[in-house]
Amino acid sequence: MTYALITPSASEALTLAEAKAHLRLDTDDENELVTQLIIVARDHLERTTGISLITQRWRLYLDSISEDGVIPIAKGPVQVIESLTVYDGEGAPSDASLEGHVLDGAARPARLMLLRRLSPGRAVNGIEIDFLSGFGDTANTVPDTLKRAMLTHVAQMFSCRGVVGIEDQPALIPPGYDRLVAPFLIRGL
């Protein structure tokens with residue numbers, strides 16, 4: 001199971017104004033730094049939770065599908081399955097029908113249930129699933145808890161700006177961050 005980001009988010013989950021208000025910055029002197037810290041905080045949050053905050057297009061590569069036809073998708077919440085491509089033994093692609101499939105996009109992980117079994121001819125990455133994930137197209141669709149986690153993370157990184165360069169962030173995770181993101185993590189038994 002391999003994921004590839006096809007189209008990144010068109011915007012960030014936090015605006016520069018929100019971050020500056022949280023940091024109590026009145027000037028524009030640190031705008032570039034704060035913008036970079038927003039990106040780092042969002043990237044860290046998405047990597048650790050498997051969540052896409054703002055709509056993104058992803059491709060999932062699979063070698064096979066389980067007998068029950070259920071495909072877990074760890075990059076959520078999944079909005080829609082756009083296409084399902086199966087490759088034959090010579091590497092020729094064919095689009096599989098999505099008619100009748102069931103998507104539980106809000107589950108963690110999301111689940112795609114297929115009505116019929118797919119058998120790729122290619123042993124490695126014989127199945128590709130293109131899907132959209134994220135809470136929505138704008139920042140106001142992102143849960144406030146996750147935005148609060150990002151704001152605390154931006155503030156922590158901002159306070160260490162003279163010690164740890166932007167290229168080495170995130171260096172520290174602020175107290176309470178883990179409790180804010182915990183409900184959004186996928187836990188294994």
Side-chain angles (χ1 to χ4, degrees), residues 1-14 36 38-143 145-147 149-150 153 167-170 181-189:
M1 209 181 268
T2 303
Y3 293 90
L5 179 62
I6 305 302
T7 308
S9 302
S11 61
E12 291 296 332
L14 286 179
Q36 291 173 336
I38 291 169
I39 293 167
V40 171
R42 189 240 332 128
D43 183 58
H44 177 77
L45 179 66
E46 289 181 337
R47 279 186 290 108
T48 58
T49 63
I51 289 176
S52 300
L53 298 176
I54 306 289
T55 301
Q56 302 171 2
R57 178 170 283 109
W58 285 88
R59 179 168 293 151
L60 170 59
Y61 296 93
L62 298 169
D63 299 333
S64 63
I65 297 174
S66 65
E67 291 292 325
D68 63 3
V70 177
I71 302 167
I73 303 175
K75 298 284 183 190
V78 176
Q79 298 172 6
V80 66
I81 303 296
E82 293 188 316
S83 67
L84 181 71
T85 305
V86 181
Y87 290 86
D88 66 17
E90 285 78 47
S94 65
D95 290 335
S97 172
L98 290 171
E99 186 175 326
H101 79 282
V102 178
L103 173 65
D104 182 3
R108 293 286 292 145
R111 298 174 299 162
L112 173 63
M113 291 155 266
L114 301 176
L115 292 180
R116 62 183 177 84
R117 180 112 167 99
L118 299 176
S119 299
R122 189 165 71 182
V124 178
N125 296 334
I127 300 169
E128 294 177 357
I129 300 171
D130 286 4
F131 61 97
L132 294 180
S133 70
F135 291 104
D137 295 335
T138 61
N140 61 0
T141 60
V142 177
T145 304
L146 294 176
K147 291 174 93 170
M150 286 182 61
H153 198 188
E167 66 279 357
D168 296 322
Q169 294 290 355
V181 301
F184 299 92
L185 296 173
I186 295 178
R187 302 274 188 213
L189 297 176

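Atoms CE and CG, from Met150 and Leu53 in turn, are 6.5 Å apart once rounded to the nearest 0.5 Å. Here OG of Ser11 is found 9.5 Å from CZ of Arg42. Values are rounded to the nearest 0.5 Å. Here the CG-OG1 distance, from Leu185 to Thr49, works out to 6.5 Å after rounding to the nearest 0.5 Å. How far CG of Leu98 is from CG of Leu112: 7.5 Å, rounded to the nearest 0.5 Å. A distance of 3.5 Å separates CD1 of Ile127 from CD1 of Ile65, quoted to the nearest 0.5 Å. How far CD1 of Ile73 is from CH2 of Trp58: 12.5 Å, rounded to the nearest 0.5 Å.
No side-chain heavy atom of His153 sits less than 4.5 Å from a side-chain heavy atom of Leu45. Put simply, the side chain of His101 does not reach to within 4.5 Å of the side chain of Leu115, judged on heavy atoms.
Scanning both residues, Glu128 and Tyr61, for their nearest heavy atoms gives OE2-CE2, 3.2 Å. Pairing each heavy atom of Tyr87 with each of Pro93, the nearest pair is CE2-CB, 3.4 Å. A pairwise comparison of heavy atoms in Ser52 and Pro77 identifies O-CD, 3.9 Å as the closest pair. Here the closest heavy-atom approach between residue Arg57 and residue Leu5 is recorded as O-CD1, 3.5 Å. Between Ala96 and Val86, the shortest heavy-atom contact is CB-CG2, 4.2 Å. Residues Arg108 and Gly50 approach most closely at NH1-O, 3.9 Å, considering heavy atoms.
Partners of Asp43 under the side-chain hydrogen bond (donor to acceptor under 3.5 Å, both in side chains) rule, at least two apart in sequence or in another chain, are Arg47. Take Thr55 and apply the side-chain hydrogen bond (donor to acceptor under 3.5 Å, both in side chains) test, not counting sequence neighbours, and it matches Gln79, Asp137.
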Let's go through Ile51 and Glu46 carefully: what are the C-alpha distance in whole Å and the side-chain angles of both, what is the deciding distance for side-chain contact (heavy atoms from CB on, under 4.5 Å) to 0.1 Å, and is it a yes or a no?
CA-CA 5 Å; Ile51 289 176; Glu46 289 181 337; 5.6 Å; no
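Of the possible polar contacts, none joining the Asp104 side chain to the Ala110 backbone as a donor-acceptor pair under 3.5 Å is found.
Using modelled atom types, one finds a donor on one side chain and an acceptor on the other under 3.5 Å when comparing Gln56 with Ser9.
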